[in-house]
Every structure is written in structure tokens, then in C-alpha cells.
Protein chains: 2
Amino acid sequence: MHAFNKYPNPSVAIDLVVFGYREGKLNLLLLNRKEAPFQHSWTLPGAFLQMEELFQDTCHRILRTKLGLERFYLEQLYSFDALDRDPRGRALSVSYYALINPASYTTTAGAMANDVQWFPTEDLPPLGFDHASIVSVALKRLRAKILYHPVGFELLEEAFTLPELHQLYEAVLGVSIDRRNFRRKILESGYIIATGQKRTGAKNRHPDIYQFNKAITPHQFHLNIS
Amino acid sequence: MHAFNKYPNPSVAIDLVVFGYREGKLNLLLLNRKEAPFQHSWTLPGAFLQMEELFQDTCHRILRTKLGLERFYLEQLYSFDALDRDPRGRALSVSYYALINPASYTTTAGAMANDVQWFPTEDLPPLGFDHASIVSVALKRLRAKILYHPVGFELLEEAFTLPELHQLYEAVLGVSIDRRNFRRKILESGYIIATGQKRTGAKNRHPDIYQFNKAITPHQFHLNIS
DNA sequence: CTTAATTGCGTTATTATGACGCAAACATAC
DNA sequence: GTATGTTTGCGTCATAATAACGCAATTAAG
């Protein structure tokens, strides 16, 4: 496999915006770079696209090998092209975003895992390269997507309660949503099914445990947050 | 400007899905290739990204120089990465879609303009490369976008009537929309303003002429087609 | 001055939404 | 066992949005 046009080609990086929901807040997995440029700066985990790789292959390489993540939702975000986005020379970034459940993430599994840390999205450190713009686009995309498509579940355990899902939506969107109307909308969508079990332990009423309904045909629902 | 990572880099093509509204139908501008690969096949107009170019620069180069288009709406669509999408070797495609008003397009202005032709989207010829998938993604995007964002106007003249806009929406979405409810929704959105003039010539009642309201603050409207 | 077609405006039944009330469930304290 | 404080689950109701129409005004042609 080889490139073929007579002009020189830019480098192509794949950068990942990895979202996780922790302690009631939307978090981002950032990497502390060990080498220049942006040494000791926080950046999005990424890698250069290899000649034989699909974008998804590179994403999997980063998520699995470098970070030690096995289960994730992955979607292409946007491609970035600023001429000066990498001080080493011309480098495009084809960026993806991933949704993971942090509980299934052991921080020691991957090659980079020790240099990686969760940050709440509302309290991010300065980011190297143009990664702040990438994060901004990713947040906008996630907030738009979660209103109409069933992606919230990707950030939770397989079994979850409606109050948990409700708090997740409030954290992601940054607004407060009426608990009872939220329940009605989500249940009417058919995307979640009760398991019959209840989450025990709390000192108040034990909420029902639900699961994502994999059997349902994909469709939009409308959460209509104003 | 130069690439810098130690591995060879893939070629990066920019491919354009150019939409136009002609004779009551949504059309696509396709290019008949003069050289291999896919000689004599219809393809999306495109070019290779040059080292100093932004994606938009390449898009403008294609639209202005090659096709002779001056006014257009342009938005990044998606990036494509199949290993075999170009028989010459590894080539990514960062694709954009453009909305233009075909009436403002003289088919002789650009370098490629003579090899270019409009095709209704529901009757496309076989396309070279992976351009059929790109078109499919573009159609999906346009149909989703036109429901909530004011992009329909980009396909019409500056001055247009509500029946024209109505037919455009029906053509793009491929569904029939109640004329009177459509009028109400669009007018309530505030995105169009009456000029006070009427389109003359028809043998029936002359419809009012409207313009896109550039002064309005961007917001979503909900056309809610089911 | 009809006729046929299209535009613009309006009505109404139905549905969806937002803002709540309230009892059931649970652990803890008494 | 009973009371208390808190959260969950279910339901109500006024209001807004929607879908499905009716109908008169407007125009050129007959």
C-alpha cells in the first residue's frame, strides 16, 4: 500500500475524545504527553494513521493498546485542518469521540494508561495542539446527539436506574430536567426495559433497574429540552 | 510546509457533493472523468489537498476554478477511509457538500465545466470510487439538516415564493407535506420575510415573494415530518 | 362573467408538553 | 413496632403544538 499522487502528503493523525461519566459529572480522558511538542501538556490521546489502517483500526489501537479500553461506542466527529495545528509540520486530524463506562476501565491496562487522567468537562486544563477546539465540537455533538438518539446508555453500566440516567442527562446537557417528564419520555421511547430487579443499598426507596433494549428498531425520540 | 512523521502518508482527496434544485427535483453535479482510473465514469468533482491548503481552500478551488461556481453553501460531510477506495493506492477522502442555486451557474465557466452534468438524485448513474457511499451520506445529512436548519433557501434564488420552498422540501425529503401547515411553520420560524412583491406570470393567483431573513439570530425550527 | 387552478388564511380535534401533586418504598431513629 | 425524612414511581391538568382539513381571494383563459 502506498500513496500515489505526485505532491507531498500531509501527516494524518487520529485524535480521540473519550467521554466517561464519573461521580455525577461528564469527564474526559486526557493524556499527559511525555515528549515534544507540548511535552507535559494535556492532550487528547491520538496516533498517526498507518498506511494499512482504517480510521477505526487506529481508534482501536489507541483505545485498546494504549489505554486498555475494550468496550466503547465510537463515532467519527470531524476532520481538522489548521495549517499550524501541529508545530512539527502539516498534520490533519481525523477526530473521533468515544463513550465508555469508566467503571469497566482499569487505569493500568494500557501502555499510556499511567499518563492518563479523567477531567470533568467543566474544569479542563489547557490543551495542546488544537485539541480545545476538537473538544468543543465533541461536546456540542454529544449534547445534540443525546437528545434524539440512545447514546446515554453507553456511558452507564449495563444495568442502570432511571434516576442515574436522569442525572447523566442533566450532567451532559447542563440543564435541569423534570424528573417525571424525563421518565415518561424515556419509557415511551421503548429504548429501556425493566429487569424486574431493584437497586438496593440506598436508605430510601430502591429504584427499578433497567437495561438498554437491544431488540428495538432504531428510531429517534425527542427529549425537547428548551 | 511539510509532513513530518516517519511513516509514509496517504494521499488526501477532497470530494464534493454539489446539490442543486432543478425542475422540481434535487440534483447532483457529477463529473465525467477524462483520465484513469474510472475513465468515462461519472464521479464527484474533487482534487487532492495541497500541502498549504485548508480543506475549504481545496473546495473553493474545485468550485470556483474547476466548476465556475461563485456562490454556495459549504459544509464538511464526513471522511472516508476504505483501503481500496482508490485503485491507485491509499487515498483518504475528506468530503464536503455544497448547496448552490443552479440558475446562477453557467455551465461553461470552469475548467471542468464542459465535462459536468446535473443528475436527479433519484436517477443517478453508477459512480466511480466509493462516491456512491459519499452521496448516500450526503443525502442523509441534507435531509436531516433541512428539517431543523435554514438551508433550503441556499438552493433557491434570493427571491422565492412559499410554494417554491414547499416543493423544494417535498423534493428533498421525498414526502408530501401539508401546504398550509408548512407555511405556518416556516413563517413562524421568522427565517423568511415578505418583500411585498408578487411573482407574476402564472395563470392563477400570484404568490408572494419572500427573502431569507439574514438579520435573524440562528436557531432551530422543527418541521417534524413523520 | 364564468371556469379552473392556486394561494393565503383560518378552524378544529387530537396529541404532546410542562408543571406539578401525592402515595409507596426504604433506612434510620425512636 | 412506629414515626421520620427522603427518594421513587405514578398520575393529573392546563397549555401548547400538531395534523387534517374548509374556504374565500386571486389570476388568466375561455
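Proteins get letters first, then strands, A, B, ... in listed order; numbering begins at 1 in each. Nothing here was measured: the structure is a model prediction, and the numbers come from that model.
Heavy atoms only, all atoms of each residue included: B/Ser95 and B/Tyr78 are closest at OG-O, 2.7 Å.
Summarising the geometry, the separation between CD1 on B/Ile177 and P on D/dA20 is reported as 12 Å, rounded to the nearest angstrom. B/Lys203 has its NZ atom 8 Å from the P atom of D/dG30, to the nearest Å. If you measure from atom CD1 of A/Ile186 to atom P of D/dT8, you get 15 Å, rounded to the nearest angstrom. One atom, CD of A/Glu164, and another, C1' of D/dT8, lie 13 Å apart when rounded to the nearest Å. The interatomic distance linking B/Phe182 (CZ) with C/dC9 (C1') rounds to 17 Å, in whole Å. A straight line from CD of A/Gln167 to P of D/dT7 spans 10 Å, rounded to a whole angstrom. A straight line from CZ of A/Phe221 to C1' of C/dA16 spans 16 Å, rounded to a whole angstrom.
Checked against side-chain contact (heavy atoms from CB on, under 4.5 Å), B/Glu164 has the following partners two or more places apart in sequence or in another chain: B/Phe160, B/Thr161, B/Arg199. Listed by chain and number, the residues in a side-chain contact (heavy atoms from CB on, under 4.5 Å) with A/Arg71 are A/Glu158 (sequence neighbours excluded). With sequence neighbours left out, B/Ala82 forms a side-chain contact (heavy atoms from CB on, under 4.5 Å) with B/Asp84, B/Arg85. Legend: residues meeting side-chain contact (heavy atoms from CB on, under 4.5 Å) with A/Asp178, ordered by chain and number and at least two apart, are A/Arg180, A/Asn181.
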Original post:
If the sugar-phosphate is the primed atoms plus P, OP1 and OP2 and the base is the rest, what is the B/S/- string for nucleotides 9-17 of chain D, using protein heavy atoms under 4.0 Å?
Top reply: BBB------
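Comparing A/His222 and B/Asn204 along DNA chain C, the residue whose closest nucleotide (by nearest heavy atom) sits nearer the 5' end is B/Asn204.
Residue pairs that meet the side chain to side chain donor-acceptor pair (under 3.5 Å) test with at least one member in residues 186-197 of chain A, sequence neighbours left out, are A/Tyr191-A/His219.
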